[in-house]
2 protein chains.
Amino acid sequence: MPSKPAAPITIDAVYAAPGYLFRRMQQIAVSIFMEECKAFDLTPVQYAALIAIHTHPGIDATRLSAVIAFDRSTLGSVIERLQAKDYIERKPAPEDKRIKLLYLTKSGAAILREIIPAVKRAQARMLEPLKPADRKALMGLLVQLVDLNNDASRVPLRAEDALEHLGKGG
Amino acid sequence: MPSKPAAPITIDAVYAAPGYLFRRMQQIAVSIFMEECKAFDLTPVQYAALIAIHTHPGIDATRLSAVIAFDRSTLGSVIERLQAKDYIERKPAPEDKRIKLLYLTKSGAAILREIIPAVKRAQARMLEPLKPADRKALMGLLVQLVDLNNDASRVPLRAEDALEHLGKGG
DNA sequence: CAAAGATTGTCAGTATGCTGTCAATCTCGA
DNA sequence: TCGAGATTGACAGCATACTGACAATCTTTG
């Protein structure tokens with residue numbers, strides 16, 4: 001049998017590669033989110049940050065970055081923009097001069113309540129083309145994969161560890 | 001029956017949302033790619049662009065953006081960097097002064113050959129935590145979803161349409 | 001042919017995401 | 001206690017991504 005020739009290098013191989021499909025799907029997800037939420041002037045990242053601060057009032061930036069798996073550097077500018085829009089406020093921590101604690105403002109809590117339906121529509125639209133059983137299957141596999149690959153990312157999710165200081169760990 | 005209370009808004013809802021999972025998986029995929037390919041100084045985006053130019057020599061930037069579903073604006077700087085690294089060259093099109101045609105240099109073709117094994121390792125690692133049957137299932141669903149959602153993204157993939165000018169359409 | 005319209009590459013502006021560095025500050029061990 | 005080491009927030013720099021605008025150029029149409 002002749003030795004198998006090297007597979008031709010073409011763009012079609014890229015179309016079937018997991019990395020390409022993940023990038024593409026993220027692109028699509030952001031696009032749908034922005035479309036459904038265009039009345040609110042909030043990005044997916046800013047939304048996630050608001051929800052996290054709402055869930056953990058008084059969290060600091062470093063712990064927040066672990067809770068939503070954002071880069072610590074990136075998060076700085078996200079916080080700045082949320083503060084500029086008056087959705088959050090930062091208070092110095094009395095017992096540690098390095099830390100600034102994050103809280104939702106009334107505006108922030110209000111927009112969070114208002115945007116929820118749009119976000120739910122967006123999340124539904126992303127999976128809409130699939131049959132209901134396939135949606136479940138896909139989400140199940142994705143949850144597994146993201147969890148099992150957690151440490152492969154530079155900023156692994158540390159939902160639990162990050163919150164011990166708030167007295168909610170355990 | 002009492003009316004169902006509004007679901008509490010917490011970060012846990014975000015962890016299960018498709019948009020969050022896609023973002024996270026993309027983050028992980030890029031991280032794995034960069035790790036496997038760190039010897040080559042090529043990003044996933046730059047790799048895809050090189051492959052596409054290799055598959056379609058003499059393509060122009062606008063068509064290239066359709067073939068790999070990149071934003072046309074973003075692609076400009078990607079091309080610039082590939083050119084700075086001497087992996088591609090741009091030649092003016094004789095029949096249209098607006099267009100610059102893209103070609104791989106010898107360096108570009110060489111690095112493409114060399115990086116393939118690392119890219120394959122990276123793609124395999126992304127799915128490694130899943131059982132083989134689950135990998136297939138996930139890829140199948142993702143291919144479907146990306147295809148069916150193609151028009152939802154701002155820069156839909158136009159693999160076929162884009163190539164008519166090269167005499168390869170049909 | 002000339003004007004209207006479309007296309008191409010480019011640029012400015014905004015928003016993630018990452019690497020790396022730094023000063024201020026805190027913690028812990030000798 | 002004091003100094004080494006860790007932590008925190010901030011910053012610089014690079015690389016996607018997207019919106020919107022623009023001049024140069026090409027195409028279509030009246």
Side-chain angles (χ1 to χ4, degrees), chain A residues 19-20 22-24 26-35 38 41-49 59-66 68-85 90-102 153-156 162 165, chain B residues 19-20 22-24 26-35 38 41-49 59-66 68-85 90-102 153-156 162 165:
Chain A
Y20 175 82
F22 291 132
R23 180 181 74 81
R24 196 84 187 83
Q26 220 267 320
Q27 210 175 18
I28 290 166
V30 171
S31 179
I32 290 176
F33 183 102
M34 294 305 281
E35 202 177 309
K38 61 171 173 288
D41 188 31
L42 264 194
T43 67
V45 162
Q46 291 166 8
Y47 169 76
I59 197 173
D60 62 279
T62 295
R63 251 145 289 272
L64 180 58
S65 86
I68 48 185
F70 281 22
D71 185 81
R72 215 161 51 105
S73 296
T74 306
L75 192 57
S77 53
V78 175
I79 287 175
E80 227 167 62
R81 281 184 284 273
L82 286 175
Q83 196 172 14
K85 292 178 189 173
R90 314 175 75 172
K91 296 178 185 172
E95 77 286 359
D96 190 332
K97 289 178 192 166
R98 294 169 304 177
I99 293 178
K100 297 175 185 174
L101 306 178
L102 301 169
S153 71
R154 170 103 193 309
V155 189
H165 78 124
Chain B
Y20 175 82
F22 291 133
R23 181 182 72 82
R24 196 84 186 83
Q26 221 265 322
Q27 207 176 19
I28 290 166
V30 171
S31 179
I32 291 175
F33 183 103
M34 294 305 282
E35 201 177 312
K38 61 172 174 286
D41 188 32
L42 264 195
T43 67
V45 162
Q46 291 168 6
Y47 169 77
I59 197 172
D60 63 277
T62 294
R63 251 145 290 273
L64 179 58
S65 85
I68 48 185
F70 282 21
D71 184 80
R72 214 161 51 103
S73 296
T74 306
L75 192 57
S77 54
V78 175
I79 287 174
E80 225 169 62
R81 280 184 283 274
L82 285 175
Q83 196 171 13
K85 293 178 190 174
R90 313 177 75 172
K91 296 178 185 171
E95 77 286 359
D96 191 332
K97 289 178 192 167
R98 296 170 303 177
I99 293 178
K100 298 176 184 172
L101 307 177
L102 301 169
S153 71
R154 210 274 177 132
V155 188
H165 78 123

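Every chain is numbered from 1 and lettered A, B, ... according to where its sequence line falls, protein lines coming before strand lines. Computed over heavy atoms, backbone and side chain alike; hydrogens, waters and symmetry mates excluded.
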With B:Y20, which residues qualify under ring-ring contact (aromatic ring centres under 6.0 Å, His included), at least two apart?
-> B:Y15
Can you list the residues that meet the side chain to side chain donor-acceptor pair (under 3.5 Å) rule with B:R24, with sequence neighbours excluded?
-> A:N150, A:S153, B:Q27
Rounded to whole angstrom units, what separation is found between the CZ atom of A:F70 and the P atom of D:dA10?
-> 17 Å
What residues, two or more places apart in sequence or in another chain, satisfy side chain to side chain donor-acceptor pair (under 3.5 Å) together with A:T74?
-> none
Under 4.0 Å between any heavy atoms, over every strand shown, what does A:V30 touch: base, sugar-phosphate, or nothing? Just pick one.
-> nothing
If you check every side-chain atom of B:E80, which of C:dC11, D:dT8, D:dA10 has the closest atom?
-> C:dC11
What one should report as the nearest heavy-atom pair of A:L42 and A:L82 is CD2-CD2, 4.1 Å
Could you give the CE-to-C1' distance, from A:M34 to C:dT16, as a whole number of Å?
-> 11 Å
B:R23 CZ - C:dC18 P separation (whole Å) = 8 Å
Heavy atoms under 4.0 Å, any strand shown: does A:T74 hit a base, just sugar-phosphate, or nothing?
-> base
Salt bridge (charged side-chain N to carboxylate O under 4.0 Å, His left out) pairs touching residues 68-79 of chain B, sequence neighbours excluded, are B:D71-B:R154
Which residue lies more 5' along DNA chain C, comparing A:S153 with A:K85 via nearest heavy atoms | A:K85
What's the spacing between B:L102 CG and B:Q83 CD if we round to 0.5 Å?
-> 8.5 Å
Between D:dT8, C:dT8, C:dA15, which one does the side chain of B:I99 approach most closely?
-> C:dT8
Least distance between heavy atoms, B:I79 atom then B:A61 atom = CD1-CB, 3.8 Å
Rounded to whole Å, the CD1-C1' distance (B:I28 to C:dG17) equals 14 Å
Look at the side-chain N and O atoms of B:R90 and state whether any lies under 4.0 Å from the OP1 or OP2 oxygen of C:dT10.
-> yes
Treat primed atoms plus P, OP1 and OP2 as sugar-phosphate and everything else as base, then score nucleotides 21-27 of chain C 5' to 3': B for base contact with protein heavy atoms under 4.0 Å, S for sugar-phosphate contact only, - for none.
-> ---BBS-
Give the nucleotide from the list D:dG9, D:dC11, D:dA15 with an atom nearest to the side chain of B:Q46.
-> D:dA15
Which whole-number value in Å describes the distance from B:L75 CG to D:dT19 P?
-> 15 Å
Can you figure out which of D:dG9, C:dG9, C:dA15 approaches the side chain of B:D60 most closely?
-> C:dG9
Rounded distance (Å) that lies between atom P of D:dC14 and atom CG of B:L42 = 18 Å
Listed by chain and number, what are the side-chain contact (heavy atoms from CB on, under 4.5 Å) partners of B:S31, not counting sequence neighbours?
-> none
Interatomic distance, B:Q83 CD vs C:dT10 C1' [rounded to whole Å] = 14 Å
N or O in side chain of A:S31 less than 4.0 angstrom from D:dC18 OP1/OP2 | no
Here the distance between atom P of D:dA15 and atom CG of B:L82, to the nearest Å, is 10 Å
Residue B:Q27, side-chain heavy atoms: nucleotide from C:dG9, D:dT16, C:dC18 that is nearest | C:dC18
Output the single nucleotide from D:dT8, C:dG9, C:dT16 whose closest atom is nearest the side chain of A:S77.
-> C:dT16
